[in-house]
Amino acid sequence: MVEKKEPAKGWPVIKGEFDVGDPKSCVAVATAGSHFGQWPIKAGAAISGPFHTENLGIEKIVANVISNPNIRFIIITGAEVKGHISGDALECLHKNGLKSGRIVGAKGAIPFIENLDDKAVKRFQEQVQTVYMIDVEDEPKITAAIKDCIAKDPGAFAGEPMLLEIKETKIGEEEEEAGEVVAGAVPAGGVVSGMASEIMMIQTRVRLIKQDVKGIGYLNKFAMGWYAGKMEGVMIGLILSLLLLALLFPHGVDLSTLRIK
């Protein structure tokens with residue numbers, strides 16, 4: 001039988017929008033923009049819930065994972081969050097870590113981390129394995145992944161529960177609840193300020209403009225293709241009509257008498 005440990009007192013230590021199961025389970029399920037309710041817990045997960053942002057939302061996940069040594073797997077699943085791309089950011093944090101407070105390789109708008117130091121990130125990387133299933137919402141598939149992790153449970157991590165303090169800002173809370181990118185918003189904890197925040201605002205707006213321009217381009221291509229197809233159809237129909245008339249009236253038609261010659 002695999003060894004288990006007691007998680008930190010009062011676990012989960014950070015409040016959030018999640019469901020809690022057996023704290024001795026080895027699996028956490030992070031559902032990005034999806035809300036699955038209780039079924040991941042019934043399948044055996046220790047904790048399951050969404051995370052809308054690529055900063056504060058991820059910090060809460062890491063804090064609750066490293067404060068419970070029994071959690072050895074984290075399944076990253078559910079619908080990806082537009083703009084934030086939080087599922088990708090969590091996977092990048094585990095694979096690549098941080099550089100100057102930024103999640104290396106993350107594609108989200110503001111993947112800046114305030115409340116996690118290198119020690120906490122390293123503990124997260126060493127304690128858990130990720131199962132990357134982003135954009136999967138199929139209950140049987142996710143349930144099977146949970147069961148597979150439980151079957152491979154290596155037992156509690158060697159280290160003791162690690163506690164973190166997560167400082168939440170009003171902007172961070174509003175952003176997480178909305179689940180949308182706010183152009184120019186400061187990352188949770190205020191990592192970026194002053195000129196840096198202005199640069200972030202410009203970068204975010206440029207990215208959104210590029211997306212809009214690309215969308216308009218697709219619409220224009222569709223409209224041009226539809227019009228060209230319509231005109232081609234008219235011409236083909238006209239030619240076929242003339243050919244049909246020529247076959248029906250090989251000697252021509254006397255238009256003055258409307259009599260066939």
Side-chain angles (χ1 to χ4, degrees), residues 1-54 56-82 84-91 93-95 123-164 166 173 176-179:
M1 186 174 181
V2 295
E3 180 186 359
K4 296 293 180 178
K5 293 183 178 181
E6 290 298 324
K9 185 178 180 181
W11 187 85
V13 295
I14 304 297
K15 68 177 183 178
E17 184 183 0
F18 47 70
D19 296 293
V20 181
D22 180 4
K24 300 284 180 75
S25 171
C26 65
V27 191
V29 181
T31 66
S34 299
H35 298 258
F36 292 157
Q38 287 286 328
W39 62 259
I41 299 300
K42 293 178 181 178
I47 188 170
S48 172
F51 62 112
H52 301 298
T53 60
E54 72 280 40
L56 181 60
I58 288 178
E59 291 175 345
K60 289 182 175 181
I61 289 174
V62 172
N64 281 330
V65 166
I66 65 178
S67 60
N68 185 349
N70 298 306
I71 296 178
R72 305 306 306 276
F73 302 93
I74 180 165
I75 298 174
I76 305 171
T77 187
E80 185 62 283
V81 182
K82 183 180 179 181
H84 290 293
I85 320 182
S86 52
D88 167 78
L90 182 56
E91 177 73 359
L93 177 67
H94 186 267
K95 284 186 175 181
R123 166 65 181 266
F124 177 67
Q125 292 171 320
E126 292 178 348
Q127 180 178 323
V128 299
Q129 299 178 43
T130 61
V131 180
Y132 193 65
M133 300 176 65
I134 201 64
D135 284 329
V136 175
E137 295 182 296
D138 184 73
E139 180 176 346
K141 289 183 180 179
I142 298 171
T143 296
I146 294 171
K147 300 294 186 183
D148 183 58
C149 290
I150 293 173
K152 296 186 295 186
D153 187 358
F157 185 71
E160 295 302 312
M162 180 182 290
L163 295 176
L164 295 177
I166 303 297
E173 290 173 348
E176 185 173 19
E177 290 173 2

Working for side-chain contact (heavy atoms from CB on, under 4.5 Å), residues S25 and K4: CA-CA 9 Å; S25 171; K4 296 293 180 178; over 6 Å; no
Within-4.5 Å side-chain heavy-atom neighbours: F51 and L56: no
Nearest heavy-atom neighbours spanning G155 and V2: CA-CB, 3.8 Å
E17 side chain near P50 side chain, heavy-atom distance below 4.5 Å: yes
Full working for salt bridge (charged side-chain N to carboxylate O under 4.0 Å, His left out) between D153 and K24: CA-CA 11 Å; D153 187 358; K24 300 284 180 75; over 6 Å; no
Nearest heavy atoms of H35 and H52, plus distance in Å: NE2-CE1, 3.9 Å
Contacts of type ring-ring contact (aromatic ring centres under 6.0 Å, His included), residue F73, not counting sequence neighbours: none
Aromatic plane relationship, F124 with H94 - under 30° parallel, 30 to 60° tilted, over 60° perpendicular: perpendicular
Shortest non-hydrogen contact from A46 toward P23: CB-CA, 4.5 Å
Heavy-atom side-chain contact between K152 and R72 under 4.5 Å: no
Student check: side-chain heavy atoms of K9 and S67 closer than 4.5 Å: no
Sequence neighbours excluded and cut-off under 3.5 Å, please list the side-chain donor-acceptor pairs for residues 133-142, or say none.
unit_1	atom_1	unit_2	atom_2	d
D135	OD1	E80	N	2.9
E137	OE2	S34	OG	2.5
D138	OD2	K141	N	3.0

Test item: L93 and E91 side chains (from C-beta on) under 4.5 Å apart, heavy atoms: no
Main-chain N/O of N68 paired with Q127 side-chain donor or acceptor, under 3.5 Å: yes
Side chain T53, main chain G57, donor-acceptor under 3.5 Å: yes
Close side-chain approach of P161 to I66, heavy-atom, < 4.5 Å: no
A63 versus I14, closest heavy-atom pair with distance: CB-CG1, 3.6 Å
Side-chain (N70) to main-chain (E6) donor-acceptor, under 3.5 angstrom: no
Partner residues of Q38 under the side chain to side chain donor-acceptor pair (under 3.5 Å) criterion, sequence neighbours left out: D19
Check: F18 and P12 side chains under 4.5 Å, non-hydrogen atoms: yes
Atom pair CG (N64) and CD1 (I166), whose distance is rounded to the nearest 0.5 Å: 8.5 Å
side-chain contact (heavy atoms from CB on, under 4.5 Å) partner of L90, chosen from T130, I85, I74: I74
Minimum heavy-atom distance Y132-G87, with the two atoms named: CE1-O, 3.7 Å
Minimum side-chain heavy-atom gap I71-V27 below 4.5 Å: no
Qualifying residue for side-chain contact (heavy atoms from CB on, under 4.5 Å) with F157, from R123, K5, M162: R123
Sidechain-backbone polar pair: T31 side chain, G78 backbone, donor-acceptor under 3.5 Å: no
C149 SG to I75 CD1 distance, which is reported to the nearest 0.5 Å: 4.5 Å
Ionic contact status for K95 with D88, cut-off 4.0 Å: no
Closest non-hydrogen atom pair between V81 and S86, with its separation: CG2-OG, 3.4 Å
Worked verdict on V131 versus I76 for side-chain contact (heavy atoms from CB on, under 4.5 Å): CA-CA 6 Å; V131 180; I76 305 171; over 6 Å; no
